[in-house]
Student: 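One structure, pasted below without further comment.
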Amino acid sequence: MLPAQARLRRRPEFTAVVRYGRRAGRPTMVLHYLSERPEQPAGGSPPPTGARAGFVVGKSVGNSVVRHRVTRQLRAVVRAELHRLPVTADLVVRARPEAATAGSDLLRRDLVAGIDRLLPERVRR
RNA sequence: CGAGUCGGCUGGGCGGUCGCGUCGGCGGGGGAGACCCCGUCGCCGAGGAACGUCCGGGCUCCACAGGGCAGGGUGGUCGUUAACAGCGACCCGGGGUGACCCGCGGGACAGUGCCACAGAGAACAGACCGCCAGCAGUUCGCUGCUGGUAAGGGUGAAACGGCGGUGUAAGAGACCACCGCACACCGGGUGACCGGUGUGGCUCGGUAAACCCCACCCGGAGCAAGGUCAAGAGGGACGACGGCUCGCCGCCGUCCUGCGCAGGCGUUCGAGGGCUGCCCGCCCGAGCCUGCGGGUAGACCGCUCGAGCCUGCCGGCAACGGCAGGCCUAGAUGGAUGACCGCCCAUCGGGAGGCCGUGAGGCACCCGUGGACAGAACCCGGCGUACAGGCCGACUCGUCCG
């Protein structure tokens with residue numbers, strides 16, 4: 001599970017990552033990645049404390065119970081991989097309907113493969 | 001033992017590793033302060049439906065100057081409640097051998113509308129067949145005309161009370177008994193209504209989830225309510241730089257504005273707004289309305305102690321109410337309450353063929369499978385809907401034994 005500080009909390013942050021970030025599609029999810037966070041126009045934005053992640057689970061995935069379960073599985077999976085991203089990075093994970101029936105193992109494989117494609121060669125482990 | 005009716009409870013358990021949120025303790029840091037941040041420890045952390053948002057309330061804001069008309073809701077009676085379209089008991093009607101179940105259950109001599117098709121005839125009824133009488137004809141089978149008749153046939157959702165008898169040419173509440181109906185009286189019940197007696201021979205329908213009439217009830221919007229505090233997002237012009245598909249995009253700086261543009265109405269001869277809608281009336285009153293384009297919704301309070309939950313006693317057939325004692329039980333805001341693993345228990349599938357039993361079957365063993373419906377968002381009371389299974393209680397009918 002991710003602390004609230006490591007999650008995207010504002011709508012503009014989501015739209016920035018989804019519109020300007022790099023994309024990587026996997027069967028169960030689509031990753032949007034922005035390595036450098038844009039300047040906060042409001043000023044006084046806190047210094048970068050680590051990579052952040054946000055989740056988008058639409059109604060096409062399932063009913064409320066299914067959506068919550070997928071979100072929680074994704075949060076747990078992302079938590080284990082977030083340290084690989086630079087401290088200024090934002091990641092948005094958008095779940096596809098196939099994620100509803102996939103287990104945590106499959107979600108983890110898709111996430112790792114997606115991050116490998118997004119990160120430049122020199123940053124890989 | 002079999003078949004069934006009603007009601008209640010439950011909604012996987014234990015452990016481990018790693019995490020999340022509120023609150024509290026301790027330590028550290030920042031700040032003038034309010035307070036915030038980090039680390040660590042501890043407590044607590046989804047449901048019976050949290051769901052649908054169909055009713056009813058609390059709470060908040062607006063209004064409180066009323067009257068008339070319109071509109072909406074409810075509909076056996078009596079209770080219950082903060083309130084209800086809920087719940088309880090009872091009444092009436094219908095179904096079942098029974099436990100029990102079902103019913104949008106006021107009014108059709110206040111008025112209006114509708115009642116298809118079939119049928120001879122359908123709301124001041126109606127002779128198609130049939131039955132009976134008379135007359136005429138006759139090939140003695142019957143036929144025609146006139147009249148009587150609503151018992152029978154046929155049509156229909158429904159045919160002018162039902163059934164049996166008396167009666168009659170055949171028939172008919174014409175008359176009689178029973179049942180039904182209407183009215184009156186008596187008795188019982190708070191009441192819906194029920195029981196009894198008498199009288200009347202008794203045509204005079206259905207539909208009000210058709211208009212309508214009657215009785216009772218009903219201000220509007222909703223926690224994005226509402227309050228406090230912060231902040232400007234954005235747009236335009238000019239200029240520099242970068243990119244390329246060469247006139248657009250990205251980005252930076254300065255200036256202007258602090259939603260912009262266009263149109264309409266108006267400041268006591270009053271726009272517009274409020275009093276649920278309309279009219280009358282009343283109040284507030286200097287800005288308001290429309291179109292196009294664009295933007296924002298941050299923090300804190302509200303926010304969880306409440307018609308609250310548990311236990312016991314008392315009143316009541318019950319719904320429910322009263323008293324006493326105890327308890328504190330989620331408060332998120334891109335939205336915590338989780339992820340993974342092991343064992344066990346339901347469930348289902350397969351194997352082996354062990355034990356018990358005449359048998360259907362039951363118990364035990366091994367392997368696999370694997371948990372119904374569904375996620376709080378201001379809070380309650382209901383209703384409705386979804387749901388793998390498991391447990392408990394009361395009662396009815398049938399069969400067997402004693």
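Chain letters run A, B, ... following the sequence lines, proteins first and then strands; every chain starts at 1. None of these values were measured; they are calculated from a predicted model.
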Student: Please give the nucleotide sitting opposite B/A116 as a Watson-Crick or G-U wobble pair, both distances under 3.5 Å, or none.
Tutor: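 Its partner is none (no Watson-Crick or G-U wobble pair with both distances under 3.5 Å).
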
Student: If the C1' atom of B/A299 is compared with that of B/A376, how far apart are they to the nearest Å?
Tutor: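 Looking at atom C1' only, B/A299 and B/A376 are 24 Å apart.
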
Student: Any side-chain heavy-atom pair from A/Leu85 and A/Tyr33 closer than 4.5 angstrom?
Tutor: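 SC-SC contact between A/Leu85 and A/Tyr33 confirmed.
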
Student: Grab the CG-P distance between A/Leu111 and B/A339 for me, whole Å please.
Tutor: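 Rounding to the nearest Å, CG of A/Leu111 and P of B/A339 are 17 Å apart.
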
Student: Between atom CD in A/Glu81 and atom P in B/C18, what is the gap in whole Å?
Tutor: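 So the CD-P distance, A/Glu81 to B/C18, works out to 19 Å.
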
Student: From B/G19, B/G334, B/A339, pick the nucleotide closest to the side chain of A/Arg79?
Tutor: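 Of the candidates, B/G19 comes closest.
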
Student: For B/G312 and B/A215, measure between their C1' atoms and round to the nearest Å.
Tutor: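 Comparing C1' positions in B/G312 and B/A215 gives a spacing of 46 Å.
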
Student: Could you pick out which residue, A/Arg69 or A/Gly54, lies toward the 5' side of RNA chain B when each is mapped onto its nearest nucleotide?
Tutor: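 Per heavy-atom nearest nucleotide, the more 5' residue is A/Gly54.
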
Student: Show which side-chain atoms of residues 104-114 of chain A pair as donor or acceptor with protein atoms under 3.5 Å away, not counting sequence neighbours.
Tutor:
residue  : atom : partner : partner atom : Å
A/Asp110 : OD2  : A/Thr28 : N            : 3.4
A/Asp110 : OD2  : A/Thr28 : OG1          : 2.7

Student: What is the distance from CG of A/Asp105 to C1' of B/C341, rounded to the nearest Å?
Tutor: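 Spelled out: CG on A/Asp105 to C1' on B/C341 is 11 Å.
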
Student: Scan A/His68, A/Arg67, A/Arg96 and name whichever one has a side-chain contact (heavy atoms from CB on, under 4.5 Å) with A/Val57.
Tutor: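 Answer to the side-chain contact (heavy atoms from CB on, under 4.5 Å) test with A/Val57 among A/His68, A/Arg67, A/Arg96: A/Arg67.
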
Student: Quick check on B/A336: syn or anti? Syn means the glycosidic torsion is within 90 degrees of zero.
Tutor: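 B/A336: anti glycosidic orientation.
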
Student: Would one find a side-chain N or O of A/Arg75 under 4.0 angstrom from OP1 or OP2 of B/C18?
Tutor: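 False: A/Arg75 side-chain N/O out of range (4.0 Å or more) of B/C18 OP1/OP2.
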
Student: Let's test this: given Watson-Crick or G-U wobble pairing with both distances under 3.5 Å, identify the partner of B/A297.
Tutor: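 Across any shown strand, B/A297 pairs with none.
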
Student: When the distance from CG of A/Leu74 to P of B/A336 is rounded to whole Å, what number comes out?
Tutor: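 In whole Å, B/A336 P lies 13 Å from A/Leu74 CG.
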
Student: Taking NE2 from A/His68 and C1' from B/C51, how many angstroms apart are they, rounded to a whole number?
Tutor: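 About 14 Å, once rounded to whole Å.
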
Student: Taking C-beta and beyond as the side chain, do A/His32 and A/Val30 meet within less than 4.5 Å on heavy atoms?
Tutor: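 Side chain of A/His32 against side chain of A/Val30, heavy atoms only: contact under 4.5 Å found.
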
Student: Between B/C181 and B/A118, how many Å separate the two P atoms, rounded to a whole number?
Tutor: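 Roughly 36 Å separates the two P atoms.
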
Student: Given the C1' atoms of B/C183 and B/A318, what is the spacing between them in whole Å?
Tutor: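 To the nearest whole Å, 40 Å.
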
Student: Could you tell me how far B/G94 sits from B/G57 if I compare only their C1' atoms? Round to whole Å.
Tutor: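 Rounded to whole Å, the distance is 37 Å.
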
Student: Find out whether A/Met29 and A/Arg94 are in side-chain contact, i.e. whether some heavy atom of one side chain is under 4.5 Å from a heavy atom of the other.
Tutor: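 A/Met29 does not reach A/Arg94 side chain to side chain.
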
Student: Is there a Watson-Crick or G-U wobble partner for B/C14 with both distances under 3.5 Å, and if so, which one is it?
Tutor: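 Looking at the geometry, B/C14 pairs with B/G342.
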
Student: If you measure from the P atom in B/A85 to the same atom in B/U77, how many Å do you get, rounded?
Tutor: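 Those two atoms are separated by 13 Å.
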
Student: Which whole-number value in Å describes the distance from A/Leu107 CG to B/C340 C1'?
Tutor: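 Rounded to whole Å, this separation is 13 Å.
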
Student: Report the glycosidic orientation of B/G48: syn if within 90° of 0, anti in every other case.
Tutor: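 Glycosidic conformation of B/G48: syn.
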
Student: Using Watson-Crick or G-U wobble geometry with both distances below 3.5 Å, tell me the partner of B/G263, or none.
Tutor: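 Its partner is B/C289.
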
Student: Do you know the tightest heavy-atom contact between A/Leu31 and A/Ile115?
Tutor: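 Closest approach of A/Leu31 to A/Ile115, heavy atoms only: CD1-N, 3.8 Å.
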
Student: Hey, is B/G141 sitting syn or anti, using the within-90° cutoff around 0?
Tutor: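 Syn conformation for B/G141.
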
Student: Can you tell me the pairing partner of B/A372 across any strand shown, Watson-Crick or G-U wobble, with both distances under 3.5 angstrom?
Tutor: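 With both distances under 3.5 Å required, B/A372 matches none.
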
Student: Determine if the base of B/U304 is syn or anti; take syn to mean the glycosidic torsion is within 90° of 0.
Tutor: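 Syn.
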
Student: Rounded to the Å, how far apart are A/Gln73 CD and B/C340 C1'?
Tutor: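 The answer, rounded to whole Å, is 10 Å.
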
Student: What is the distance, to the nearest angstrom, from the CZ atom on A/Phe55 to the C1' atom on B/G338?
Tutor: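 Computing the A/Phe55:CZ to B/G338:C1' distance gives 13 Å.
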
Student: Does OP1 or OP2 of B/U337 have a side-chain N or O of A/Arg72 closer than 4.0 Å?
Tutor: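 For B/U337, OP1/OP2 do have a side-chain N/O of A/Arg72 under 4.0 Å.
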
Student: Considering Watson-Crick and G-U wobble pairs with both distances under 3.5 Å, what does B/C59 pair with?
Tutor: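 Pair assignment: B/C59 / B/G222.
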
Student: Provide the Watson-Crick or G-U wobble partner of B/G187, both distances under 3.5 Å; none if there is no partner.
Tutor: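 Across all strands, the one nucleotide that pairs with B/G187 is B/C194.
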
Student: Which sits closer to the 5' end of RNA chain B, A/Val77 or A/Val57, going by the nucleotide each is nearest to?
Tutor: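 Looking at RNA chain B, the more 5' nearest nucleotide goes with A/Val57.
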
Student: How far, in whole Å, is B/G93 from B/A374 if one measures between their P atoms?
Tutor: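 Approximately 45 Å lies between the P atom of B/A374 and that of B/G93.
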
Student: For A/Ala99 and A/Val70, which heavy atoms make the closest approach, and how far apart are they?
Tutor: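 Heavy-atom minimum between the residues: O-CG2, 3.8 Å.
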
Student: Show the nearest heavy-atom pair for residues A/Val66 and A/Ala100, with the distance to one decimal.
Tutor: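 Taking every non-hydrogen atom into account, CG1-CB, 3.7 Å.
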
Student: Considering only atom C1', compute the distance from B/C43 to B/C23 and round it to an integer number of Å.
Tutor: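 Those two atoms are separated by 8 Å.
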
Student: Return the pairing partner of B/A3 with a 3.5 Å limit on both distances, Watson-Crick or G-U wobble; otherwise return none.
Tutor: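 Base-paired to B/U396.
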
Student: Checking one value: the base orientation of B/U40, syn if chi is within 90 degrees of 0, otherwise anti.
Tutor: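 Base orientation: anti.
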
Student: Measuring to OP1 and OP2 of B/A339, would you say a side-chain N or O of A/Ser104 lies under 4.0 angstrom away?
Tutor: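 Negative; the distance criterion is not met.
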
